[in-house]
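Have a look at the structure below, then the notes.
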Amino acid sequence: MEITPEKLCKYFGKVKAVDELDLDIGDREFVALLGPSGCGKTTTLLMIAGIYRPTSGYIKFDDRVVNHLLPKERNIGMVFQSYALYPHMTVFDNIAYPLKLKRTPRKEMRERVQRVADMMGIGDLLDRRPAQLSGGQQQRVAVARALVKEPAILLFDEPLSNLDAKLRLRMRGEIKRVQEDLGITSVYVTHDQAQL
Ligand SMILES: Nc1ncnc2c1ncn2[C@@H]1O[C@H](COP(=O)(O)OP(=O)(O)OP(=O)(O)O)[C@@H](O)[C@H]1O
Ligand SMILES: [Mg+2]
């Protein structure tokens, strides 16, 4: 899936969070957006995901303008800056959540959750709750939850301080490997040049 923001703008009152952004992100590409805190990275991802409505401009997936599509109509997996795991749910239920929303049959759900959890190296942690995991394991859960829907696009908002530098590098490597294996167009934002 190609992603093409054209003259994309998001203003919050006088704050121009994103101002006339043009990008060509190719099918199966892994694109990193690098910029300092507050430059509009999260806002850009949230517009691609359909959570924020652009003030003006367009977002195209392949040749189709998707501005009017709801998040659930966009087939996107997103890993948020905060992970946004549900603390009261087990790892299994966290990963299964997008499939539950789609009313996926129980057996298929179990198989798909196990498959992505194994892919991310957390297949033996499914009964735990997020608080019982390390930061790196929590990030793997968040990635597994984004993957389980088999999305056409993956969006990563890099966690700022949750991971130490070494673990961040390792996670970036793992994410890149999975992305290459699955061939899902991905946008990865970071404010940290060492990440690239
Ligand atoms: N809901 C909002 N209401 C008002 N201003 C906002 C809102 N969201 C973001 N902004 C402002 O828009 C600008 C871009 O914010 P954004 O969150 O996209 O930055 P970022 O590049 O993701 O930064 P960081 O690296 O710190 O996560 C900032 O100046 C921010 O204060
Ligand atoms: Mg951000």
Side-chain angles (χ1 to χ4, degrees), residues 1 3 25 27-28 30 41-54 59 61-62 64 66-160 162-163 167 171-172 174-189:
M1 178 86 79
I3 311 170
I25 301 170
D27 186 35
R28 293 171 166 256
F30 182 96
K41 304 181 298 295
T42 297
T43 306
T44 300
L45 291 188
L46 292 175
M47 285 193 283
I48 294 173
I51 296 165
Y52 281 171
R53 178 179 280 270
I59 298 171
F61 291 171
D62 290 333
R64 181 175 178 219
V66 296
N67 286 39
H68 59 287
L69 291 186
L70 297 171
K72 64 177 182 187
E73 296 168 329
R74 296 191 187 202
N75 197 15
I76 282 177
M78 182 156 179
V79 181
F80 292 91
Q81 214 160 1
S82 60
Y83 308 147
L85 299 177
Y86 302 109
H88 58 288
M89 289 187 196
T90 62
V91 169
F92 179 94
D93 288 332
N94 265 282
I95 298 173
Y97 194 72
L99 299 181
K100 279 200 183 137
L101 292 182
K102 290 210 247 176
R103 303 188 188 283
T104 308
R106 190 172 283 272
K107 180 163 176 288
E108 184 190 339
M109 188 156 74
R110 265 202 303 271
E111 288 167 2
R112 283 171 65 175
V113 169
Q114 190 69 55
R115 186 160 4 112
V116 292
D118 288 341
M119 200 187 293
M120 294 309 301
I122 50 169
D124 54 345
L125 303 176
L126 293 176
D127 294 332
R128 297 216 201 154
R129 286 173 206 279
Q132 299 167 320
L133 302 176
S134 71
Q137 289 166 338
Q138 288 181 38
Q139 197 191 29
R140 290 191 185 90
V141 175
V143 175
R145 184 178 55 186
L147 287 172
V148 79
K149 288 185 288 188
E150 298 171 4
I153 293 171
L154 280 169
L155 304 176
F156 296 94
D157 203 345
E158 177 180 80
L160 299 173
N162 309 38
L163 302 180
L167 185 56
M171 287 309 304
R172 193 223 49 179
E174 286 183 21
I175 287 169
K176 210 141 178 250
R177 174 180 53 78
V178 169
Q179 185 271 338
E180 271 168 19
D181 287 351
L182 302 178
I184 304 172
T185 308
S186 300
V187 185
Y188 187 101
V189 309

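Below, each value reflects all heavy atoms present in this structure, side chains not excepted, and no hydrogens, waters or symmetry copies.
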**Item:** NZ (K72) with more than 12 external heavy atoms under 6.0 Å
**Value:** no

**Message:** Can you tell me how far apart CD (E180) and OG (S186) are? Round to the nearest 0.5 Å.
**Reply:** 10.0 Å

**Item:** Side chain to side chain, T43 and Y52, heavy atoms closer than 4.5 Å
**Value:** yes

**Message:** I'd like to know if E111 pairs up with K107 as an ion pair, taking the criterion as any Lys NZ or Arg NE/NH1/NH2 lying under 4.0 Å from an Asp or Glu carboxylate oxygen.
**Reply:** yes

**Message:** So, taking the atom named CZ in R129 and the one named CG in N94, what distance separates them when rounded to the nearest 0.5 Å?
**Reply:** 10.0 Å

**Request:** In sequence, state the C-alpha distance, the side-chain angles, and the governing distance for V178 and V143, and then conclude on side chain to side chain contact (heavy atoms under 4.5 Å, CB included).
**Result:** CA-CA 10 Å; V178 169; V143 175; 5.6 Å; no

**Prompt:** Under 4.5 Å between any side-chain heavy atoms of N67 and I59, yes or no?
**Reply:** yes

**Asked** Which heavy atom in P98 sits nearest to a heavy atom in K149, and how many Å separate them?
**Response** CB-CG, 3.4 Å

**Asked** Is any side-chain heavy atom of L126 closer than 4.5 Å to a side-chain heavy atom of Q114?
**Response** yes

**Prompt:** Less than 4.5 Å apart, any side-chain heavy atom of Q179 and any of Y188?
**Reply:** no

**Request:** Can you see which heavy atom on G123 is nearest to which on D118, and at what distance?
**Result:** CA-OD1, 3.3 Å

**Fill in**
When rounded to the nearest 0.5 Å, the distance separating CD of E158 from CD of Q81 is 8.5 Å

**Request:** Using atom types as modelled and distance alone, determine if a side-chain donor or acceptor of Q138 lies under 3.5 Å from a backbone N or O of L85.
**Result:** no

**Asked** Could you walk me through whether M120 and L147 pass the side chain to side chain contact (heavy atoms under 4.5 Å, CB included) check?
**Response** CA-CA 10 Å; M120 294 309 301; L147 287 172; 4.1 Å; yes

**Request:** Working to the nearest 0.5 Å, report the span between CD1 of I184 and CD1 of I76.
**Result:** 11.5 Å

**Prompt:** Is the closest side-chain heavy-atom distance between L45 and F156 below 4.5 Å?
**Reply:** no

**Request:** Write down the atom of V148, the atom of R112, and the distance for their closest heavy-atom approach.
**Result:** O-NH2, 2.8 Å

**Message:** I need the R74 CZ to I51 CD1 distance, nearest 0.5 Å.
**Reply:** 9.0 Å

**Request:** Please assess T44 against V189 for the test side chain to side chain contact (heavy atoms under 4.5 Å, CB included), listing each intermediate value before the final yes or no.
**Result:** CA-CA 10 Å; T44 300; V189 309; over 6 Å; no

**Request:** Please determine if E174 and R140 form a salt bridge, counting it only when a charged side-chain N lies under 4.0 Å from a carboxylate O.
**Result:** yes

**Prompt:** Closest approach of A144 and V116, non-hydrogen atoms and distance?
**Reply:** O-CG2, 3.8 Å

**Message:** Which heavy atom of G77 sits nearest to which heavy atom of P151, and what is that distance?
**Reply:** N-CB, 3.4 Å

**Message:** Pair I153, M78 - check side chain to side chain contact (heavy atoms under 4.5 Å, CB included), show working.
**Reply:** CA-CA 8 Å; I153 293 171; M78 182 156 179; over 6 Å; no

**Message:** Using a 6.0 Å cut-off, check whether atom CZ of F92 has over 12 heavy atoms from anything other than its own residue.
**Reply:** yes

**Asked** Does a donor on one side chain sit under 3.5 Å from an acceptor on the other, for D157 and T42?
**Response** yes

**Distance, nearest 0.5 Å, that separates CD1 of I175 from CZ of F30** = 7.0 Å

**Request:** Decide if atom CG of D181 counts as having more than 12 heavy atoms of other residues, nucleotides or ligands within a radius under 6.0 Å.
**Result:** yes

**Prompt:** Hey, is the main chain of R28 close enough, under 3.5 Å, to the side chain of T185 for a donor-acceptor pair?
**Reply:** yes

**Asked** T90 and D127: which non-hydrogen atoms are nearest, and at how many Å?
**Response** CG2-O, 3.7 Å

**Message:** Are V79 and L154 packed together at the side-chain level, in the sense that at least one heavy-atom pair is separated by less than 4.5 angstrom?
**Reply:** no

